[in-house]
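To keep things clear, I will list the structure first and then write my remarks on it.
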There are 4 protein chains.
Amino acid sequence: MTSAPSCTVEFRARYAETDQMGIVYHANYLPWCEIGRTELIRRLWRSYAHLEAEGVMLAVTEANLRYHAPARYDDLIRVVTTLSQARSRGVSFDYLIQRVDGETTTRLVSARTDLIAIDRAGATVRIPPHVLDAFRHGKPMEQS
Amino acid sequence: MTSAPSCTVEFRARYAETDQMGIVYHANYLPWCEIGRTELIRRLWRSYAHLEAEGVMLAVTEANLRYHAPARYDDLIRVVTTLSQARSRGVSFDYLIQRVDGETTTRLVSARTDLIAIDRAGATVRIPPHVLDAFRHGKPMEQS
Amino acid sequence: MTSAPSCTVEFRARYAETDQMGIVYHANYLPWCEIGRTELIRRLWRSYAHLEAEGVMLAVTEANLRYHAPARYDDLIRVVTTLSQARSRGVSFDYLIQRVDGETTTRLVSARTDLIAIDRAGATVRIPPHVLDAFRHGKPMEQS
Amino acid sequence: MTSAPSCTVEFRARYAETDQMGIVYHANYLPWCEIGRTELIRRLWRSYAHLEAEGVMLAVTEANLRYHAPARYDDLIRVVTTLSQARSRGVSFDYLIQRVDGETTTRLVSARTDLIAIDRAGATVRIPPHVLDAFRHGKPMEQS
């Protein structure tokens, strides 16, 4: 039995991402999820930019976010991204967004996004088999 | 039986809101929901800015979005916002985001957000009764 | 002697556009300039989207902003946009961003952007003559 | 003779930061400047969050950006920030934003921002002398 592929990225919350409540504006966690997803795709296969170069785009069809505690300016943020599902026409990711403070981590947001593969005209397409294979099993052995 | 209070706002999608997929970036629908919520609160009571001036803030605790079709640059966007629940410590809103093209409307996104009332320190508080009353029944008669 | 073409748009400052200083984040005035520019182009010619459909994009090459007073959440904002220069390969716009409060207006930001015409590959191109003519003289007589 | 203090930060361009032109939207370089400024202040003194905690905020009064070449999604971005002026009531920063591709760097944007010190009410104030001293000379010797 193998666990779902996941990866961790860290960065600091930007001043631009705060609002007048003094916390990170709730929409700004979705770009953080995208950063996590981008890195996981890069590690499992290669840059998502290459997928778009092949004419396949992953469009978000559903997003669910639960806000547990607020991020603040300059917080060290950790995003743990897990590829929870990889189907021929779509993928789903789970995200755990945490604040890191020395040895302590605090759960800020948990989220999930569903994405489908589309072409430039917006029609649903299949994820190329070699990409789907990488998503499911990681890079082929000769690259690992 | 009374229906839930709702309101409609319209504006154009900004170039800044698009991404390289040629459509509006998925996170940018949440600020559109906020525009709808802001207007509904203004019509039911008064500007949300006055609520913050009373020391009560409405913080988003959960957001769910389903993307049906993409918005594009310069599309005329309509947001129909409904106050689906008003409790002593929180409110929930439903949103229908449409593209308007003459007589035709196309459903783009349906969304829901849950918000709780907090004070400046982040502690949960009650929504002031006169505000909750306005949320539930609209403005008092002498103002309508 | 004719004055430079200009137009005025109004909208409200969004909560999403504020930062923890309690005012609109300084980068967010540039999308407001883009709203003004979009409307001025629409009135002088037609939607900028049509220009991109012809394969010509206007890319910003320089932006200068002076911040005189801050915009705040829910302020009624007015952007006065003037087409200050229209050359065969580029255009310049001046912006005056104001807060409107009844009969009173307060100057918030003055700005200028220079844009050049490029094709999809990023190469500099000429603005199509019929577009440049509209920029300089407004729509042809039969449309006015 | 001493050179002006500067620092370098690197990160990747986000998908959220692109627009339908396929490049990073021009307003999104200002938050990148803010990331550079944040890191330089942290290295010269301590986190800017501490300055706000002392009741002193640095508000941008002028921003000038020149766009030389576009950043694209997933580009490795380097921001070189220099503190060009430190006065009792304000500071100025210069920025060089580059794309890093192995050994090659490409100049994307050069920018400058002027900031003044204000209190919570928005009145101009002096930068605390110990902060100004750190800005001018770096951290005191015992910390270096």
Side-chain angles (χ1 to χ4, degrees), chain B residues 7 9-20 22-43 45-53 55-60 63 70-77 79 81 93 95 99 101 111 113 115 120 122, chain C residues 7 9-20 22-43 45-53 55-60 63 70-77 79 81 93 95 99 101 111 113 115 120 122:
Chain B
C7 86
V9 293
E10 290 185 3
F11 50 85
R12 286 191 182 273
R14 302 175 177 183
Y15 203 92
E17 293 168 333
T18 62
D19 65 23
Q20 72 179 48
I23 58 179
V24 167
Y25 184 71
H26 64 283
N28 293 334
Y29 295 92
L30 280 171
W32 292 1
C33 292
E34 173 228 300
I35 292 172
R37 190 164 70 236
T38 286
E39 284 308 312
L40 181 53
I41 290 175
R42 190 198 315 281
R43 291 183 201 186
W45 180 58
R46 49 198 305 220
S47 171
Y48 168 72
H50 290 283
L51 192 58
E52 289 208 350
V56 177
M57 291 171 288
L58 296 176
V60 177
R72 295 178 189 280
Y73 166 61
D74 211 37
D75 278 354
L76 182 59
I77 302 298
V79 181
T81 308
F93 295 90
Y95 312 89
R99 176 175 52 239
D101 189 8
T113 60
L115 300 92
R120 298 223 164 271
Chain C
C7 85
V9 293
E10 290 186 3
F11 50 84
R12 286 190 181 276
R14 303 175 176 182
Y15 202 92
E17 293 169 332
T18 63
D19 65 23
Q20 72 180 46
I23 58 179
V24 168
Y25 184 72
H26 64 285
N28 293 334
Y29 295 92
L30 279 172
W32 292 1
C33 292
E34 173 227 299
I35 292 172
R37 192 164 68 235
T38 286
E39 284 309 310
L40 181 52
I41 291 174
R42 190 198 315 283
R43 290 181 204 187
W45 179 58
R46 49 199 304 218
S47 171
Y48 168 72
H50 289 283
L51 192 58
E52 290 208 348
V56 177
M57 291 172 286
L58 296 176
V60 177
R72 294 177 190 281
Y73 166 61
D74 211 36
D75 278 354
L76 183 58
I77 302 299
V79 181
T81 307
F93 295 90
Y95 312 89
R99 176 174 53 238
D101 189 6
T113 59
L115 299 93
R120 297 222 166 272

Distance col, row C:Y15:OH vs B:I35:CD1, nearest 0.5 angstrom, shows 14.5 Å
Residues passing the side-chain hydrogen bond (donor to acceptor under 3.5 Å, both in side chains) test with B:D74, sequence neighbours excluded, are C:R42, C:S47
If one checks every heavy atom of C:R12 against chain B at 4.5 Å, the contacting part turns out to be side chain
Would B:R14 pass as a cation-pi partner of C:Y48, given that its NZ or CZ must be under 6.0 Å from the six-membered ring centre and within 45 degrees of the axis? no
